[in-house]
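Shown next, in structure tokens, is the structure this report addresses.
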Amino acid sequence: MNLIKNIYKILFEKYGPQGWWPLLNLGNVQSQSGSKSYGGYHPGNYELPLTEEQQFEIIAGAILTQNTSWNNVVKAILNLKQKKLLSVNNINKVNEKELALLIRPSGYFNQKAKRLKNVASFLISRQIKKLFAGKNLRAELLSLNGIGPETADSIMLYAAKKPIFVIDAYTKRIFARLGYNETGYDELQALFMSSLEPDAAMFNEYHALIVELAKNHCRKKPICSSCPLAGLCSYNKSIS
DNA sequence: TACCAGGTCCTCG
DNA sequence: CGAGGACATGGT
């Protein structure tokens with residue numbers, strides 16, 4: 001087993017299924033493990049998203065969470081939900097200024113309002129169903145202003161369930177500390193995708209587990225002592 | 001109080 | 001290309 005696979009195994013055994021992407025609009029979904037879904041997470045259930053509304057909630061969340069803590073994003077999404085704006089058509093219709101005010105808690109709210117309007121009008125012009133079935137989804141998403149590689153790949157993986165590996169700041173930090181030389185987005189992504197079978201459910205978990213590790217141990221100021229990857233990592237052996 | 005958070009765009013060398 | 005700045009709120 002290669003190291004990339006081994007790391008996944010270690011993280012999954014440590015933290016278990018994560019239940020991404022968190023959705024406020026879960027319907028009556030239950031997790032496979034029998035535990036009930038909480039806070040929008042649905043561990044062990046890989047069926048979601050089931051509806052276009054849920055797909056759009058993921059797309060909106062992916063934009064709102066750009067360089068922003070999820071906690072703040074939840075506040076913004078709750079505001080949108082209350083105004084029935086977790087919908088492509090309604091985002092397309094709403095006044096941009098009004099939208100900006102509603103998503104204010106997520107930060108960068110003027111930019112993000114514009115980005116949400118952008119993507120909504122794009123989804124309508126292409127028709128979300130056809131787009132998600134199409135061949136050039138990633139390239140089309142990347143062509144939109146406000147959607148870069150991570151947001152595009154989050155949409156690919158979590159909304160469209162395509163086996164595309166998402167790279168984020170946590171992934172870069174963790175794997176740099178582990179000693180990998182791959183530094184750019186595409187390079188790191190290629191490392192994962194050439195080391196793993198193309199499995200959307202597993203990519204889903206792996207990315208979520210990386211986030212979990214980064215929050216618990218591999219922070220900017222790391223807590224290495226109890227890190228599940230300590231045995232594989234030579235970074236900062238001296239730090240607690 | 002300062003630092004950080006599930007990025008992206010634009011400009012400049 | 002890549003570095004550097006702008007964009008902004010809320011939690012610790």
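Proteins get letters first, then strands, A, B, ... in listed order; numbering begins at 1 in each.
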A:Tyr185 OH to B:dG7 P, straight-line distance once rounded to whole Å | 10 Å
Round to the nearest Å and state the distance from A:Asn79 atom CG to C:dG10 atom P.
-> 10 Å
In terms of the angle between their ring planes, are A:Tyr180 and A:Phe175 parallel, tilted or perpendicular, with boundaries placed at 30° and 60°?
-> tilted
Residues A:Glu197, A:Lys5; criterion salt bridge (Lys or Arg N to Asp or Glu O under 4.0 Å); working and verdict = CA-CA 10 Å; A:Glu197 327 308 326; A:Lys5 281 187 184 175; 2.7 Å; yes
Donor-acceptor side-chain pairing of A:Tyr46 and A:Glu205 below 3.5 angstrom = yes
Over 12 foreign heavy atoms within 6.0 Å of NZ, A:Lys161 | yes
Determine: side-chain N/O of A:Arg173 to OP1/OP2 of B:dA5, distance under 4.0 Å, yes or no.
-> yes
Ignoring backbone atoms, establish whether A:Asn72 has a side-chain N or O less than 4.0 Å from OP1 or OP2 of B:dA5.
-> no
Euclidean distance, atom CD1 of residue A:Ile77 to atom P of C:dT9 [Å, nearest integer] = 18 Å
Mind checking A:Asn71 for me? I need base, sugar-phosphate or nothing, with any heavy atom below 4.0 Å counting as a touch.
-> sugar-phosphate
Does C:dG11 have OP1 or OP2 sitting under 4.0 Å from an N or O in the side chain of A:Lys75?
-> yes
Sticking with atom P, work out how far B:dT1 lies from C:dC7, rounded to a whole angstrom.
-> 22 Å
With A:Trp70, which of A:Trp21, A:Trp20, A:Tyr41 fulfils ring pair (Phe, Tyr, Trp, His ring centres under 6.0 Å)?
-> A:Trp21
If the C1' atom of C:dA8 is compared with that of B:dA2, how far apart are they to the nearest Å?
-> 16 Å
Looking across every strand, which nucleic acid part, if any, lies under 4.0 Å from A:Lys112 by heavy atom: base, sugar-phosphate, or nothing?
-> nothing
Counting heavy atoms not belonging to A:Asn181, are there more than 12 under 6.0 Å from its CG?
-> no
Once you round it to whole Å, what is the distance between P of B:dT8 and CZ of A:Arg115?
-> 8 Å
Base, sugar-phosphate, or nothing: which does A:Phe109 touch, judged by heavy atoms less than 4.0 Å apart?
-> sugar-phosphate
Starting at atom CD of A:Glu187, determine the distance to atom C1' of C:dC1, rounded to an integer number of angstrom.
-> 13 Å
Strand contacts (DNA chain B) in residues 144-156 of chain A, 4.0 angstrom heavy-atom criterion = A:Leu144, A:Asn145, A:Gly146, A:Ile147, A:Gly148, A:Pro149, A:Glu150, A:Thr151
In whole angstroms, how far is the P atom of C:dC7 from the CZ atom of A:Arg104?
-> 15 Å
If you look at every strand shown and take non-hydrogen atoms under 4.0 Å, does A:Ala169 touch a base, only sugar-phosphate, or nothing?
-> sugar-phosphate
Between A:Lys220 (NZ) and B:dC4 (C1'), how many Å, whole number?
-> 7 Å
Less than 4.5 Å apart, any side-chain heavy atom of A:Gln66 and any of A:Arg115?
-> yes
Can you tell me how far C1' of C:dC7 sits from CD of A:Gln111, to the nearest Å?
-> 4 Å
